[in-house]
Amino acid sequence: MSHAISTKPPSGMRDFLAPDVVRRRHVLSIVQRVYESFGFVPLETPTIENLGTLLGKYGPEGDQLLYRVLHRREKLQRALAAGTVTELDLADEGLRYDLTVPLARVVANYRDLPTFYKRYQIQPVWRADRPAKGRFREFYQCDVDVTGSRSIVADAEVCGAVAQVLRELGFADFRLLCNHRELLRALVAEAGIAPESEALALVVLDKLDKVGADGVRKELAEKGVAADRTDALLAILAATRAPDALAVRARGDGPGAEGARDLLSLFAACAGGPAAAHLTFDPTLARGLGYYTGPIFEISCAGLAGSLGGGGRYDNLIGMFGKQQIPAVGFSLGLERMLLVMEERGMFPSLGIGPEVLLCRMSDVEAAAAIRVATQLRAQGLRVEVFAEAAKLGAQLAYASRIGAPFAAILGTSEVADGSVTLKDLTTGEQGKVAVGDVAARVR
RNA sequence: GUGGCUGUAGCUCAGUUGGUUAGAGCACCAGGUUGUGGUCCUGGGGGUCGCGGGUUCAAAUCCCGUCAGCCACCCCA
């Protein structure tokens, strides 16, 4: 079919039909309500950002995954006319990759925001990644962030907000993994691993629970890290998992002490909130995004390869947009990830879609009469569809069944004459004349 | 980016060691005469078998390429 236009959406992007939309809205409405209950205020930012805003914030792999917007018209012609053309010459805008960087730009741009700006943002983001199960090129993030505070209370609040969302959605078994960038850095240094191998070591460590200690040894050896260093690191990590290891480390003033103290303060601050039961210290948690500086978080859930969400503290990001360094911490939930698990586990309540009543009109009834009745029914709060065509009653009822309407209201000349409809319950087949004003009471 | 699997009707799939006009179920449309659906019966529309090339008297079937989709890994939400 070379001449036919493909009717599929682009790779990694999806259409959402009614049943999908109502499930998505169900989740989003809970996210929004819970976030607002924590005092966060909404923010929406443009789909497109200047490339200067986006580039260099996510690490080299991140830059590769940015969707870029090609120059138009003269600007494109001029760019193409230049001798050597690079990616940077062809575009100066791109689709947003996450919601954190746009927030950082906004905070740097609007200097009259409150000192402590608590915002939530629920919008799609785009990544030119290879699609896989639970991974799309267009997906929604549900972010909560607090800017302007270095206090660990802010960290505790964002953790509490996402934990409360998951609890209200019906998740019970998730873990909120925590670690600390400074602590990690100290552990790697302690193992005698050179600072330039640090990023490498962290990425591999992140996989420890998947590939095992031998896998980590092998992978780090391939990257040029000496075996005894890797063993030292693994031993230090194992020791750090011990129950009071954090407390011991926090007491001293050695490397990582401050990170350990941060984490202990965080656990203490969360104790009275919804995150308490889910917090888990995981010294191997690394997280890829380059801008994290302090505590880092990730939501893990049984049966899901990736995470439901992630976040952390990023005290240097906003400063990249202006002279003023403003600390910040945030958390992001992945809508599609939550939906995936909820679908697999059947966690949705019954969600009404479509009309509750299909108004069937006999061919000898004027359309205006049907619309008048439908208007009265809608005024009672009912969702009502008027069958558009003058068709046989059987066809109209078949259509009602097809779209899943629970009731049909039949309007013939006799019903018009006495201000009633024949209301038919399509589940039981029972029917009878009902005054138009009484229909809602019968349906509900 | 790496490895594997799969491409036949709108959807889920049959299609024998290559062999006449490529099938089923579901969905859709129409009928089974008057104002009764979801069950049942009958009929109908819809596919150049992902695309391109090769082997052969003959290809949905075998070979090569290509594109697309799915799964795992990597990474992430």
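Proteins get letters first, then strands, A, B, ... in listed order; numbering begins at 1 in each.
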- Message: Base of B:U36, side chain of A:Gln396 - is there a donor-acceptor contact under 3.5 Å?
- Response: no
- Sugar-phosphate, base or nothing in reach of A:Tyr140, heavy atoms under 4.0 Å: nothing
For residues 433-444 of chain A, which side-chain donor-acceptor pairs fall under 3.5 Å, sequence neighbours excluded?
{"unit_1": "A:Lys433", "atom_1": "NZ", "unit_2": "A:Ser414", "atom_2": "OG", "d": "3.1"}
{"unit_1": "A:Lys433", "atom_1": "NZ", "unit_2": "A:Asp418", "atom_2": "OD2", "d": "2.9"}
{"unit_1": "A:Arg444", "atom_1": "NE", "unit_2": "A:Glu356", "atom_2": "OE2", "d": "3.1"}
{"unit_1": "A:Arg444", "atom_1": "NH2", "unit_2": "A:Glu356", "atom_2": "OE1", "d": "3.0"}
{"unit_1": "A:Arg444", "atom_1": "NH2", "unit_2": "A:Glu356", "atom_2": "OE2", "d": "3.0"}
{"unit_1": "A:Arg444", "atom_1": "NH2", "unit_2": "A:Gly381", "atom_2": "O", "d": "3.1"}

- A:Arg130 has its side chain closest, among B:G37, B:C73, B:U2, to B:U2
- Message: Taking ring-ring contact (aromatic ring centres under 6.0 Å, His included) as the cut-off, I'd like each qualifying pair that reaches into residues 417-444 of chain A, sequence neighbours left out, listed once.
- Response: none
- Message: Applying side-chain hydrogen bond (donor to acceptor under 3.5 Å, both in side chains), can you list everything that pairs with A:Glu336, at least two apart in sequence or on another chain?
- Response: A:Arg14, A:Arg24
Distance-only check: which donor-acceptor pairs under 3.5 Å involve side-chain atoms of residues 224-237 of chain A, not counting sequence neighbours?
{"unit_1": "A:Arg229", "atom_1": "NH1", "unit_2": "A:Gly192", "atom_2": "O", "d": "3.0"}
{"unit_1": "A:Thr230", "atom_1": "OG1", "unit_2": "A:Ala226", "atom_2": "O", "d": "3.3"}
{"unit_1": "A:Asp231", "atom_1": "OD1", "unit_2": "A:Arg217", "atom_2": "NE", "d": "2.5"}
{"unit_1": "A:Asp231", "atom_1": "OD1", "unit_2": "A:Arg217", "atom_2": "NH2", "d": "3.4"}

- Task: Remember a base hit wins even if backbone is also touched, and classify A:Leu308 as base, sugar-phosphate or nothing at under 4.0 Å, heavy atoms.
- Result: sugar-phosphate
- Applied to residues 385-412 of chain A, the salt bridge (charged side-chain N to carboxylate O under 4.0 Å, His left out) test, sequence neighbours excluded, yields none
- Secondary structure string for RNA chain B (Watson-Crick or G-U under 3.5 angstrom, | for other-strand pairs): (((((((..((((.....[...)))).(((((.......))))).....(((((..]....))))))))))))....
- Task: Please say whether the positively charged group of A:Arg127, taken as NZ for Lys or CZ for Arg, lies over the ring of A:Tyr97, i.e. under 6.0 angstrom from the six-membered ring centre and within 45 degrees of the axis.
- Result: yes
- Message: What is the distance, to the nearest angstrom, from the CE atom on A:Met338 to the C1' atom on B:A77?
- Response: 9 Å
- Name the nucleic acid region contacted by A:Gly412, choosing base, sugar-phosphate or nothing; use a 4.0 angstrom heavy-atom cut-off, strictly under. base
- Roughly how many Å is it from NZ in A:Lys433 to P in B:G35, rounded to a whole number? 16 Å
- Pairs touching residues 148-173 of chain A that satisfy salt bridge (charged side-chain N to carboxylate O under 4.0 Å, His left out), sequence neighbours left out: A:Arg33-A:Glu168, A:Lys118-A:Glu157, A:Arg150-A:Asp315, A:Asp155-A:Arg313, A:Asp173-A:Arg345
- Query: What pairs with A:Gln123 under side chain to side chain contact (heavy atoms under 4.5 Å, CB included), at least two apart in sequence or on another chain?
  - Reply: A:Glu44, A:Thr45, A:Arg96, A:Leu99, A:Gln121
- Starting at atom CZ of A:Arg135, determine the distance to atom P of B:C75, rounded to an integer number of angstrom. 10 Å
Please enumerate all protein N or O atoms sitting under 3.5 Å from an N or O of nucleotides 38-41 of chain B, with distances to 0.1 Å.
{"unit_1": "B:G38", "atom_1": "N2", "unit_2": "A:Thr427", "atom_2": "O", "d": "3.4"}

- Note on the structure: Residue set satisfying ring-ring contact (aromatic ring centres under 6.0 Å, His included) with A:His278, at least two apart, ordered chain then number -> A:Phe174
Output a table of nitrogen or oxygen pairs between the protein and nucleotides 25-32 of chain B separated by less than 3.5 Å.
{"unit_1": "B:C28", "atom_1": "OP1", "unit_2": "A:Arg402", "atom_2": "NE", "d": "2.7"}

- Going by ring centres under 5.5 Å and near-parallel planes (under 30°), is A:Phe139 stacked on B:A77? yes
- What is the distance from OH of A:Tyr291 to P of B:A77, rounded to the nearest Å? 7 Å
- Which pairs, with at least one residue in residues 349-394 of chain A and sequence neighbours excluded, count as a ring-ring contact (aromatic ring centres under 6.0 Å, His included)? A:Phe387-A:Tyr399
- Query: Can you find a side chain N or O atom of A:Ser11 that sits less than 4.0 Å from OP1 or OP2 on B:A68?
  - Reply: no
- What about A:Arg127: does its side chain form a donor-acceptor pair under 3.5 Å with the base of B:C76? no
- Report yes if a donor N or O on one partner sits less than 3.5 Å from an acceptor N or O on the other, where the partners are the side chain of A:Glu415 and the base of B:G35; otherwise report no. yes
- To the nearest 0.5 Å, atom CG of A:Leu359 lies from atom CD of A:Gln376 at 10.5 Å
- Query: Over how many whole Å does the gap from A:Leu285 atom CG to B:C75 atom P extend?
  - Reply: 12 Å
